[in-house]
Structure formats: structure tokens, C-alpha cells
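The structure appears right after this line, and notes come after that.
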Amino acid sequence: MKLLVGYASTQGQTRKIARHVADRLADGGHAVELLALEDAGDLEMGRFDRAILAASVHVGHYQPSLAAFAEARRDWLNAHPVLFLSVSLAAAGHDAAEWRALDRIAGDMAQATGWTPAQVVQVAGAYAPSRYDVFTRFTMRRIIAAKDAQADLSQDKEYTDWAALEATVLAWLAA
Ligand SMILES: Cc1cc2nc3c(=O)[nH]c(=O)nc-3n(C[C@H](O)[C@H](O)[C@H](O)COP(=O)(O)O)c2cc1C
């Protein structure tokens with residue numbers, strides 16, 4: 001199968017997730033194109049059988065490059081079984097209000113772009129103080145301290161469950 005894995009990433013975790021997914025798909029013998037959505041240009045979707053798109057949540061929104069990409073290609077995206085990986089730190093926890101917010105964020109994106117993903121999967125991202133500016137580091141330290149009492153606030157920490165991600169992608173591919 002010819003597959004597109006497109007991503008939008010601010011601190012790099014969603015890029016890592018997209019690359020991991022693309023590598024596993026390629027291991028399975030598929031032809032995979034890994035693409036930063038901001039570089040999509042006039043990418044023609046007709047040459048792909050399926051696509052996985054991924055973006056991360058920052059202050060309640062995905063990156064603008066996801067919306068621009070999705071809006072421009074919504075007819076193709078709506079007509080194909082596209083998997084959307086929504087990456088966040090809320091998905092690392094079990095707070096019901098935060099999970100409702102994630103549903104709302106994905107719903108807002110669908111409404112704004114006209115693309116309703118066939119499947120949305122919430123993926124836990126990473127805490128990455130090494131990549132934050134001073135203000136962001138301060139804000140994120142407080143959020144992580146409240147969320148994860150075990151975390152060393154000075155160290156980057158990955159919450160992504162790689163095995164669960166692979167299982168999700170393989171199930172989507174087989175469906
Ligand atoms: C400034 C900032 C704002 C964030 N806002 C949210 C948020 O509103 N909800 C959430 O669940 N996670 C939030 N996060 C966590 C990110 O979604 C998480 O760190 C993710 O792994 C970032 O992906 P990226 O490295 O691909 O950009 C935020 C992170 C930063 C740095």
C-alpha cells in the first residue's frame with residue numbers, strides 16, 4: 001500500500017511519533033512518505049491509498065499547518081480511512097475533564113476544516129523542558145508537577161506508549 005504519514009510538531013515528539021509509525025509501516029513492506037505538513041505545498045493525494053495525520057495540542061489547539069492541510073484536502077481525507085493521532089499531555093492521564101477537552105479540541109478542528117477523521121486516537125506526548133523557553137518551562141513545570149508526582153521536573157520525560165501506538169496503527173491498517 002502507498003501511505004502518507006503527515007505530521008505537525010512544535011517540540012519534536014509528534015515528529016518522533018510519526019517517524020516511528022512510518023518506520024513500522026515501511027517494515028511491513030508498505031511504501032511510506034513521511035512529511036511535515038508545513039512542507040506539503042501542492043502535494044497531490046491521488047497517489048496515496050491511505051494516510052495517517054498527527055498533530056499536537058498546544059493551549060487547546062493543533063498547529064495551524066494541520067488545519068491548512070486538512071481544509072485544502074478535505075474531500076480526499078473524508079473519502080479515505082484516515083487515522084488522526086492527536087498528541088497531548090492530557091492523554092497521559094486519566095482526568096475526565098481533560099479527556100473531554102481533547103474530544104472538544106478534535107471536534108473543533110473537524111468543524112473548522114470540514115474534515116472528520118475516520119478514526120481519532122489520543123496519544124500521550126512528552127514533557128520536554130530542554131526544548132522550552134524560560135516562560136514555557138515555568139508553566140509546564142507546574143502542570144507536570146500536578147500531573148506526575150514521580151517526574152524529575154528538570155528532565156525530559158516521554159509518556160508515549162510505543163507498543164500501544166503500534167498496535168493501534170496495525171489494527172487500523174488491517175481494518
Ligand atoms: C506551550 C505548551 C502548551 C501545551 N498545551 C497543552 C494543552 O492545552 N493540552 C495538553 O493536553 N497538552 C498540552 N501541551 C503538551 C503537548 O501537547 C505535549 O508536550 C506534546 O508532546 C507536544 O508535542 P510536540 O513535541 O510534537 O510539539 C502543551 C505543551 C506546551 C509546551
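What you see below is based on every heavy atom in this structure, not just the backbone, and it leaves out hydrogens, waters and symmetry mates. These numbers were taken from a predicted model, which means no experiment stands behind them. In listed order, ligands and their atoms are each counted from 1.
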Kindly indicate, with the supporting measurements, whether the criterion salt bridge (charged side-chain N to carboxylate O under 4.0 Å, His left out) is fulfilled by Lys157 and Asp148. CA-CA 10 Å; Lys157 183 169 180 182; Asp148 179 1; 2.7 Å; yes

Scan for salt bridge (charged side-chain N to carboxylate O under 4.0 Å, His left out) pairs involving residues 31-57, sequence neighbours excluded, and state none if there are none. Glu33-Arg47

Given the side-chain rings of Phe84 and Tyr62, with only the six-membered ring counted for Trp, is the space between their centroids under 6.0 Å? yes

Give the residues near ligand 1 by chain and number, with the criterion being a heavy-atom distance under 4.0 Å. Ser9, Thr10, Gln11, Gly12, Gln13, Thr14, Ser56, Val57, His58, Val59, Gly60, Val87, Ser88, Leu89, Ala90, Gly125, Ala126, Tyr132, Thr136, Met140

Could you give the distance from OG1 (Thr113) to CZ (Arg73), rounded to the nearest 0.5 Å? 12.5 Å

Can you tell me how far the CZ atom of Arg141 sits from the OG1 atom of Thr139, to the nearest 0.5 Å? 11.5 Å

Report whether Leu77 and Val120 are members of the same hydrophobic cluster (ILVMFWY, side-chain heavy atoms less than 4.5 Å apart, transitive linking). yes

